[in-house]
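One structure is given below, encoded as structure tokens.
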There are 2 protein chains.
Amino acid sequence: MVGTHGTSEAKRLVGHQAETDVELVPDARGRTNRPEPGCPVEVALAAISGRWATLVLRELMHGPCSFGELRARLPSLTAKVLTDRLGELVAQGLVVKDRLPGFPVRTSYRLTAAGMELRPLLIALYDAGSRVLAALPPHD
Amino acid sequence: MVGTHGTSEAKRLVGHQAETDVELVPDARGRTNRPEPGCPVEVALAAISGRWATLVLRELMHGPCSFGELRARLPSLTAKVLTDRLGELVAQGLVVKDRLPGFPVRTSYRLTAAGMELRPLLIALYDAGSRVLAALPPHD
DNA sequence: CGGGATCCTTACGGATACTG
DNA sequence: CAGTATCCGTAAGGATCCCG
């Protein structure tokens, strides 16, 4: 399980002063009062930010993939945006690009060890979204 | 270890055709090839999207909070952006705004049941970010 | 095949000043 | 106190055409 999201008997917050909620903010890097790049939350957000990012990651979770295959699986994604997205992921060290020599050129993108660490996050996103939808009034 | 991200014997993907990875994409709503608002992942992303969103949510996780308290806890967040962020959260049904009559006016923002469902997601973000940082080469 | 180079448009975050 | 009203600069997403 991704997260026995057991808030079970976690923390009650008797007062209302935010006395370091250890479950929510385990260590000092998260006790920031503004968006700082070093905060783990920001690192994770950067990874999944940008339109199409989670979809590209989802595809790569299945294994290495070429540029063209990604385009084929995500038809409404334009080449420019895909290039952008992959570039960011590579810059963040989450994906590596292998250029296979020959002609026509073939490339292969695959997740790094760091990138694979995002799998539970994708699942958590799906999970949280599902629960939110379920908890929401019939509609709007 | 935080998460033996148990792909244990989950799915091996013998070929490379993405045959519905049940762990990653449990049901049809996630088997989309483009960003659709109905997808649970998009719902979750919408909730945490926008600068400061996760920080505002973190504060509200501690319990109800007034506009001014939020500003005090997030000093570099301007009133306009806070208003924007809260407005989006309210529109998504994740937060409710209580206006206490009297003067000066007092308001109180608190999470709805749906909003509380986001707690595990915030933890997952922290977690994933931490693991990514740990898996990343010393630096670059 | 796998992009790079442009151009365009809108959305977003932020600053500042003012109001019920 | 709790916002609203403007204005602004930037950057993100997308469309189109071209190149090695």
Side-chain angles (χ1 to χ4, degrees), chain A residues 16 32-37 39 41-42 45-57 59-60 64-92 95-110, chain B residues 16 32-37 39 41-42 45-57 59-60 64-92 95-110:
Chain A
H16 62 325
T32 173
N33 60 345
R34 80 169 92 181
E36 282 179 291
C39 174
V41 172
E42 292 295 319
L45 281 174
I48 59 173
S49 285
R51 221 157 133 79
W52 297 96
T54 55
L55 289 164
V56 171
L57 286 170
E59 294 308 321
L60 291 177
C65 208
S66 73
F67 192 87
E69 280 171 334
L70 286 171
R71 291 215 62 191
R73 293 187 191 175
L74 306 170
S76 11
L77 171 53
T78 67
K80 190 255 200 176
V81 175
L82 177 54
T83 302
D84 287 359
R85 225 46 50 196
L86 288 170
E88 290 163 14
L89 292 172
V90 168
Q92 291 168 94
V95 166
V96 284
K97 171 183 185 173
D98 298 334
R99 265 195 113 85
L100 321 178
F103 195 83
V105 186
R106 280 229 139 229
T107 59
S108 181
Y109 292 90
R110 61 184 164 77
Chain B
H16 63 324
T32 172
N33 60 346
R34 79 169 93 178
E36 281 180 290
C39 173
V41 173
E42 291 297 318
L45 280 175
I48 59 173
S49 285
R51 220 158 133 79
W52 297 96
T54 55
L55 289 164
V56 171
L57 285 170
E59 294 307 321
L60 291 176
C65 208
S66 73
F67 191 87
E69 281 172 334
L70 287 171
R71 291 215 62 191
R73 294 187 190 174
L74 306 170
S76 11
L77 172 53
T78 68
K80 189 254 200 175
V81 175
L82 177 54
T83 302
D84 287 358
R85 225 48 46 191
L86 287 169
E88 289 163 16
L89 293 172
V90 168
Q92 291 169 95
V95 166
V96 284
K97 171 182 185 174
D98 298 334
R99 265 195 113 85
L100 320 178
F103 195 83
V105 185
R106 281 228 138 231
T107 59
S108 181
Y109 292 91
R110 62 185 163 76

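Lettering follows sequence order; numbering is per chain, from 1. The shown structure was predicted, so the numbers you read here are calculated from the model rather than taken from an experiment.
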Check your understanding: Residues in side-chain contact (heavy atoms from CB on, under 4.5 Å) with A:Arg34, at least two apart?
Key ->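 A:Arg34 satisfies side-chain contact (heavy atoms from CB on, under 4.5 Å) with A:Thr32, A:Glu36, B:Trp52, B:Ser76 once adjacent residues are dropped.
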
Once you round it to whole Å, what is the distance between [atom2] of [N] and [atom1] of [X]?
X: B:Leu82; N: D:dT4; atom1: CG; atom2: P; result: 11 Å
X: A:Arg99; N: C:dC1; atom1: CZ; atom2: P; result: 14 Å
X: A:Phe67; N: C:dG2; atom1: CZ; atom2: C1'; result: 6 Å
X: A:Leu70; N: C:dG2; atom1: CG; atom2: C1'; result: 12 Å
X: B:Leu74; N: C:dG14; atom1: CG; atom2: C1'; result: 15 Å
X: B:Leu100; N: D:dG3; atom1: CG; atom2: P; result: 11 Å

Point to revise | Test salt bridge (Lys or Arg N to Asp or Glu O under 4.0 Å) applied to A:Lys80 - qualifying residues, sequence neighbours left out | key: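 Here the qualifying residues are A:Asp84.
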
Do [X] and [Y] make a side-chain contact, defined as non-hydrogen atoms from C-beta onward lying under 4.5 Å apart?
X: A:Phe67; Y: A:Leu86; value: yes
X: A:Leu70; Y: A:Leu77; value: no
X: B:Glu88; Y: B:Ser49; value: no
X: A:Asp98; Y: A:Arg110; value: yes

Check your understanding: Can you give one letter per nucleotide of nucleotides 8-20 of chain D, 5' to 3': B if a protein heavy atom sits under 4.0 Å from the base, S if only from the sugar-phosphate, - if neither?
Key -> -----BBB-----

Point to revise | Distance test, side-chain N/O of A:Lys97 to OP1/OP2 of C:dG2, below 4.0 Å | key: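 It does not, given that no N or O in the side chain of A:Lys97 lies less than 4.0 Å from OP1 or OP2 of C:dG2.
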
**Study point:** Phosphate-side-chain proximity, B:Thr107 and D:dC1, N/O vs OP1/OP2 below 4.0 Å
**Key:**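 Looking at the OP1 and OP2 atoms of D:dC1, neither is under 4.0 Å from any side-chain N or O of B:Thr107.
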
